[in-house]
Amino acid sequence: MEGRLANAWRLTANDKSFIRTALLSEIRIDGRKPYEYRKIVVKFGREDGSSEVQLGQTRVMGIVTAQLVQPYRDRPKEGILSIFTEVSPMADPSFEPGHPGELAVELGRIIDRGLRESKAVDTESLCVLAGKFVWAIRIDLHILDNGGNLVDAANIAALAALLTFRRPECSLGGEDGQEVIVHPPEIREPLPLIVHHLPIAITFGFFSNDSILVIDPTHNEEAVMGGRMTTTVNANGDICAIQKAGGEGVPQRVIMQCLQLATAKAAGITKQIKEALYDILWYHLLRETTLETGELKCTTQKEL
Amino acid sequence: MMQVRPNLDYEGPKSHQHHRAFVFGFEYGFLKEKLDQKEAAKRANEQLGFVFDIGPNPWSKPATSSFGCKPSLVKMEYVSPEGLRLDGRRPMEMRQIRAEIGTVARADGSAVFEMGNTKVIAAVYGPREVQNRSQQISDQALVRCEYSMANFSTGDRMRKPKGDRRSTEISLVIRQTMEACILTHLMPRSQIDIFVQVLQADGGTRSACINAATLALADAGIPMRDIVTSCSAGYLNSTPLLDLNYIEDSAGGPDVTVGILPKLDKVTLLQMDAKLPLDIFENVMGLATEGCKAVANYIREVLLENTKQLEYRRGL
């Protein structure tokens, strides 16, 4: 939270001590247990590659777009994945309009590390013509409401948007085979991205008393807590990224305990995302049915 | 556990070996258009026993930009079968550390910290009056940090040393790490500025910055709970490696940076990227923590030496 600006929302001293005392008896002010997540609702927009995620009161929207660009010089056969975050004062009055603050940059980089370094999205399949044309996938995350724990919600939004995104099919043509022809979606069915695994970000909050930790802190708890740690794990038990940027010091065994908790939670959240995708897959299936004959144009759908 | 000590006799990477490898790479790769990349890599491999990936690397970019060949199709070996890394270190060996206090005369505290070829300078101003009244905190000191890389610090001249996203994130990370150890409640309504500049970047700049900032804060006499030391570790060729340099860092393997409070034995900073299973991560984090403790010993020696010098000059 940007606690430095004049219009930053501050909790009263009474509220803060109430939250801390309640945590000593393992009670959180919204009724959850310390290791319980808030309800996650994943909705999809009409366009391919747009999603909206609600994590309790936090709302984040994710949109994925693709463009053909020249690849980086030192990676001529790989596509490009980039993440941009937009925070506006609509979500939280302490955000400044225009220039992205530290929070927005950190958020973008945590999700970027989780997706890119762990090779969740297959970038080699995005190559069209090595050294000349590759697909650049751009993920835009818009923070609509800050109810605490933006990183987790934004990560789920990015994953959901990536899973529903379809890029146009293209083929090489022209006289020397160097021209790229992008087929419009009406002629050829657009293709989904190849996603190897789903890295889920899980945030922990540490409080000044030793060994009090909570999962998925709300806005109030974030104002009180001494330190935070975001672990990005996937359902296979791999750790994709960890970010603990200073704050309260914790012993090493607490960190290992957090990682094990995160692995357990990641499986549940992955399942929830995939369940939300079943509905949208039905929609895709129906869309491919031709109107004249009522038959399905394409019978195979990528099984998740 | 494993004994990790910084190798103070170590002289630096075997630069002549590097040069030879790159020369071969250039010759075989660049010379003739007819020579296939795979051929070039095979020949270089036969001659040298290993192949260098001419990728984004401070030593490898030639002056001309027309060179685009990359004999990188052969998988690169970061740990040789004898157990030596690219610069001749063992997997659990740190690079040479050097620190110097009091280099910026104008600042309240300053330090230069070197880890191998990575060189970082830190300057601390404070505690002083808050410059922007609206940011004043009534019961604590305000800590600000700015991280920037000099244009000449990497092989290619950097176009935007500050203000890009990586610098913003690292500034945030360093600020929060130092904030956790400074006793801010002793200096309400004041401001402490930490400026860190990277003069030479060869991997592990984050860790070097935190170590330099610790020394500079100690030199400025700012009360702290404990010193913060930091070190990085990675996992390549199925071996945990301590203190990665730039080539090992850009290999795409996992990179774990740990910052600890040595006396309290608590972890303040922990960053990791790329995939790792949980048990291997525990090993790598343990290795990085040992590296931090070695750095902490060295920092304490430097501070003790500095204090003795001050006593001597004051005639005590």
Side-chain angles (χ1 to χ4, degrees), chain A residues 3-7 72-76 83-85 99-110 112-114 116-120 131 196-197 199 210 226-229 231-234 236-252 254-256 259-260 262-263, chain B residues 53-57 61 65 68 70 72 132-135 137 142 144 164-181 210 225-226 228 250 252 254-256 258-261 264-282 285-286 289:
Chain A
R4 297 156 174 275
L5 301 173
N7 51 358
Y72 291 137
R73 224 162 29 119
D74 48 336
R75 288 184 219 271
I83 300 183
F84 293 88
T85 46
H99 175 69
E102 285 178 333
L103 180 81
V105 171
E106 198 194 354
L107 178 73
R109 283 193 57 99
I110 295 176
D112 189 69
R113 269 209 285 268
R116 188 213 304 264
E117 305 280 341
S118 65
K119 314 260 191 306
H196 293 300
H197 63 98
D210 241 349
R228 63 155 67 215
M229 177 164 88
T231 57
T232 310
V233 296
N234 68 12
N236 304 335
D238 294 323
I239 310 172
C240 302
I242 303 183
Q243 170 91 346
K244 181 185 190 306
E248 187 78 21
V250 289
Q252 193 171 342
V254 173
I255 295 193
M256 300 315 296
L259 286 171
Q260 272 151 2
T263 319
Chain B
D53 172 13
I54 301 198
N57 171 331
K61 279 263 163 60
S65 56
K70 226 168 58 110
S72 64
N132 191 354
R133 268 305 186 82
S134 64
Q135 291 181 354
I137 311 178
L142 178 74
R144 284 195 330 154
D164 65 322
R165 305 204 301 171
R166 182 174 169 270
S167 301
T168 314
E169 194 215 349
I170 300 185
S171 304
L172 170 80
V173 162
I174 299 180
R175 189 191 86 224
Q176 289 186 298
T177 311
M178 306 324 290
E179 235 176 341
C181 77
I210 291 177
R225 283 190 184 91
D226 194 355
V228 185
S250 39
D255 173 22
V256 177
V258 174
I260 61 168
L261 300 164
L264 302 174
D265 204 13
K266 289 201 177 163
V267 177
T268 40
L269 168 71
L270 178 58
Q271 285 189 307
M272 190 202 115
D273 54 13
K275 261 199 306 188
L276 258 190
L278 186 61
D279 43 356
I280 299 183
F281 170 74
E282 202 171 345
M285 187 163 104
T289 313

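Numbers restart at 1 for each chain; the letters A, B, ... are given by sequence-line order, proteins then strands.
Between B/T168 and A/E106 there is no side-chain heavy-atom pair separated by less than 4.5 Å. In this structure the side chain of B/L278 reaches within 4.5 angstrom of the side chain of A/M256, judged on heavy atoms. Proximity of B/E282 to A/L259: side-chain heavy atoms (C-beta onward) are nowhere separated by under 4.5 Å.
With chain A as partner, the option from B/V267, B/V258, B/I280, B/V256 having the largest number of non-hydrogen pairs under 4.5 angstrom is B/V267. The candidate with the highest count of non-hydrogen atom pairs below 4.5 Å against chain A, out of B/D255, B/D265, B/T177, B/L172, is B/L172. Taking chain B as the reference chain and counting heavy-atom pairs below 4.5 Å, the highest number among A/V233, A/T231, A/D238 is found for A/D238. Between chain B and the residues A/H197, A/M229, A/Q243, A/R116, the largest count of heavy-atom pairs under 4.5 Å involves A/Q243. Taking A/T263, A/I110, A/I255 one by one and counting their heavy-atom pairs under 4.5 Å with chain B, the maximum is reached by A/I255.
Contacts of B/T289 with chain A are made by side-chain atoms alone, with heavy-atom separations under 4.5 Å and no backbone atom involved. Using a 4.5 Å cut-off between heavy atoms, B/R225 does not touch chain A at all. Using a 4.5 Å cut-off between heavy atoms, B/D273 contacts chain A through both its backbone and its side chain. Interface remark: A/N236 contributes no atoms to any contact with chain B (heavy atom separation under 4.5 Å). For A/E248, the part lying under 4.5 angstrom from a heavy atom of chain B is the backbone only.
With sequence neighbours excluded, no residue forms a salt bridge (Lys or Arg N to Asp or Glu O under 4.0 Å) with B/D226. Under the salt bridge (Lys or Arg N to Asp or Glu O under 4.0 Å) criterion, B/E169 pairs with A/R109, A/R113, not counting sequence neighbours.
Panel note: side chain A/S118, backbone B/K275; no donor-acceptor pair is recorded below 3.5 Å.
The two residues A/P199 and A/N234 have their closest heavy-atom pair at CA-CB, 4.3 Å.
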